[in-house]
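Right, one structure below, let's go through it.
Just so it is clear, the model here is predicted, and its values are computed rather than measured. For this chain, numbers begin at 1 and follow the sequence in order. No hydrogens, no waters, no symmetry mates; every other heavy atom, side chains included, goes into these values.
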Amino acid sequence: MSEAPKMKPENEDLAQVPSMLGEIQSHPAPHDDVFGEMSEGGPNYRDVGWLGTVALMMKTQIGLGVLSIPAAFDTLGLIPGLIVMLVIAAITTWSDYMIGAFKLKHRQVYSIADAGGLMFGRIGKAFFEFVYILYWIFVAGSGMLSVSIGLNAVSTHAACTAIFVAVAAIIGFAFASIRTLGKMGFLAWGGLFCIITAILIVTIAVGVQERPAEAPITPGPWKSDFKIVGNPSFTEGITAVSSLIFAYCGTPAFFAIVSEMRNPRFYTRSLLCCQSGVTSIYITIGTVVYYYCSSYVASPALGSAGPTMKKVAYGFALPGLIVTTFLVIHLPAKIVFIRLLRGSRHLSSNTPIHWVTWISCTAGITIIAYVIASAIPVFDGLVSLVGALLGTLMSFQPYGCMWLYDNWKGEGGYLKRGSKRWIAMVVWCVFVISAGTFCMVAGTYGSVVGVVDSYRASGGSSAWSCADNSNSV
């Protein structure tokens with residue numbers, strides 16, 4: 001009788017050298033549940049260390065959303081704004097944690113679409129795949145728009161805004177075509193450093209200047225009119241909440257990031273570093289900038305310290321905004337690419353089909369995002385719309401469903417069905433799903449109203465406009 005074949009240990013592909021600084025890394029596993037057989041000379045999709053993971057996570061979080069936090073505080077009031085932001089931080093941190101736990105149980109999962117397929121079948125997979133791609137396309141459009149604002153600010157509107165949006169799209173496409181997240185790690189660190197430096201410059205500048213740049217000139221010292229508690233209408237309030245949600249909407253990207261880690265078991269470590277750093281930065285910058293600028297805070301916030309400091313801040317921020325743009329072009333392009341080539345040798349080999357498919361995916365995503373950025377050139381409206389309609393759905397509801405999928409029957413989970421902790425977790429999951437659904441529906445309504453009002457204020461002629469969108473002239 002022949003000897004029974006030896007079974008591959010479930011975690012064999014994780015037995016690699018941890019990605020610490022100064023350590024020698026092992027070769028990637030020859031087979032991956034997502035990327036298939038790793039061919040010699042082909043792209044190494046499993047090449048992100050835990051520190052690189054921190055950079056990628058923080059760069060997907062700190063990008064566009066942080067620029068609208070002071071304006072959200074002005075709408076809600078400082079204390080309600082901080083409370084809402086901390087609640088959102090807690091929910092999204094748990095959602096992020098669920099991604100790592102779900103990935104370790106279901107190695108074949110690469111994106112939220114794969115998780116949706118496990119939970120809800122083919123319809124769920126198709127739905128979440130469509131929403132995921134649409135979400136990142138909108139974020140990429142927001143990124144292109146923010147780059148065009150930066151170019152206008154630095155150059156004092158030296159060219160038509162539509163040209164600057166096109167330049168942002170071209171640069172985004174070029175860098176998004178880098179095939180693996182591992183090779184984007186150092187770019188993510190550079191972009192993170194640039195955007196944080198820019199925000200700190202503005203934060204310090206507004207603290208030392210006599211009055212905000214937009215404040216009227218009055219006799220005597222200027223006094224901040226910041227509000228401890230705001231009194232917004234429902235539409236204004238829910239739009240501000242949507243902007244805060246958008247600041248934490250890097251969550252769906254974490255599926256792809258953990259899938260390209262050398263050792264996914266370091267995921268939680270990276271997550272805690274990311275979320276604690278991001279929340280600390282948001283609290284500090286949001287509070288200081290709003291306190292000193294109050295109702296005269298600019299949105300994006302980099303324009304709050306006057307024309308000169310605006311140029312300096314955007315000069316530093318532009319590399320960071322560009323990194324955000326090409327990273328969020330890369331993410332939807334990668335899921336389309338994997339969907340088309342999964343199970344074939346072309347996915348991880350340098351074949352002509354591999355390259356043609358990959359470049360077509362990044363180019364297609366870039367073109368669609370460019371059209372969106374040019375058609376809705378209102379930063380506040382676009383940020384709140386994306387955060388409400390797509391960001392909430394990508395960051396709240398699915399993760400409550402994921403926990404219930406793995407633990408509802410009490411089989412294979414860490415809690416016994418019917419125990420107090422199990423009941424508490426079920427209640428928590430229902431809360432997350434319900435809160436996410438409410439914010440999605442109400443926030444979308446508020447955001448659409450805001451976009452319509454912005455179009456009316458501009459006379460409806462903003463699409464593909466050459467007008468300055470940075471208020472520099």
Side-chain angles (χ1 to χ4, degrees), residues 54-74 78 81-82 85-86 88-89 139 142-143 145-154 187-209 212-214 224 226 240 243-250 273-294 296-325 327-328 379-380 383 387 469-472:
V54 174
L56 290 168
M57 285 178 167
M58 292 187 72
K59 196 64 205 78
T60 58
Q61 299 277 46
I62 302 176
L64 308 178
V66 64
L67 303 181
S68 60
I69 288 177
F73 283 2
D74 182 50
L78 183 58
L82 286 171
M85 189 174 71
L86 290 174
I88 293 170
V139 177
S142 300
L145 185 58
S146 67
V147 171
S148 74
I149 293 173
L151 291 172
N152 268 322
V154 171
L187 294 173
W189 278 120
L192 187 62
F193 172 79
C194 289
I195 194 73
I196 291 177
T197 300
I199 296 170
L200 288 177
I201 287 173
V202 173
T203 303
I204 295 171
V206 299
V208 300
Q209 65 185 6
E214 300 297 324
S224 173
F226 75 96
S243 296
L244 294 176
I245 290 175
F246 187 65
Y248 283 93
C249 274
C273 291
C274 164
Q275 291 295 88
S276 58
V278 166
T279 302
S280 298
I281 291 170
Y282 284 178
I283 290 174
T284 302
I285 291 170
T287 302
V288 172
V289 173
Y290 175 57
Y291 174 79
Y292 284 105
C293 293
S294 58
Y296 298 100
V297 66
S299 185
L302 295 182
S304 299
T308 301
M309 294 309 300
K310 176 194 263 189
K311 290 179 181 290
V312 174
Y314 271 111
F316 276 97
L318 269 173
L321 296 174
I322 290 171
V323 171
T324 298
T325 302
L327 187 58
V328 296
F379 184 83
D380 282 344
V383 165
N469 59 1
S470 67
N471 296 319
S472 298

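What you find for L192 and K59 is that their closest heavy atoms are N-CD, 3.6 Å. Taking all atoms of both residues into account, the shortest heavy-atom contact from Y314 to A153 is CD1-CB, 3.5 Å. The shortest heavy-atom contact between M85 and Y282 is SD-CB, 3.7 Å. Closest of all the heavy-atom pairs between S243 and S68 is CB-OG, 3.9 Å. The minimum heavy-atom distance linking A317 with I195 is given by the pair CB-CD1, 4.0 Å. Residues Q61 and C249 come closest through the heavy atom pair OE1-N, 3.5 Å.
Here the CE-CD1 distance, from M58 to I196, works out to 5.0 Å after rounding to the nearest 0.5 Å. Atom NZ of K311 is separated from atom CZ of F316 by 15.0 Å, given to the nearest 0.5 angstrom. In this structure, CD1 on I283 lies 7.5 Å from CZ on F73, to the nearest 0.5 angstrom. Remark: Y248 OH to I62 CD1 distance equals 9.0 Å, nearest 0.5 Å.
F193 is linked by a ring-ring contact (aromatic ring centres under 6.0 Å, His included) to nothing, counting only residues two or more places apart in sequence or in another chain. In this view, C273 and W50, V54 satisfy the side chain to side chain contact (heavy atoms under 4.5 Å, CB included) rule, not counting sequence neighbours.
Within the 4.5 Å cutoff, side-chain heavy atoms of L56 are placed close to those of L327. Proximity of Y290 to L78: side-chain heavy atoms (C-beta onward) are separated by under 4.5 Å at one or more points. Two residues are said to be in side-chain contact when any heavy atoms from C-beta on lie closer than 4.5 Å; I69 and I285 fail this criterion.
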Result block: side-chain N/O donor-acceptor pairs under 3.5 angstrom for residues 198-209, not counting sequence neighbours:
from	atom 1	to	atom 2	distance (Å)
T203	OG1	I199	O	2.7
Q209	NE2	R211	O	3.4

Decide side chain to side chain contact (heavy atoms under 4.5 Å, CB included) for V328 and T60; before the verdict, give the C-alpha distance in whole Å, the side-chain angles of both, and the deciding distance to 0.1 Å.
-> CA-CA 8 Å; V328 296; T60 58; 5.6 Å; no
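Of the possible donor and acceptor atoms, none in the side chain of S294 sits under 3.5 Å from a partner among the backbone N and O of Y291. Under a 3.5 Å cut-off, the side chain of S146 and the backbone N or O of G143 do form a donor-acceptor pair.
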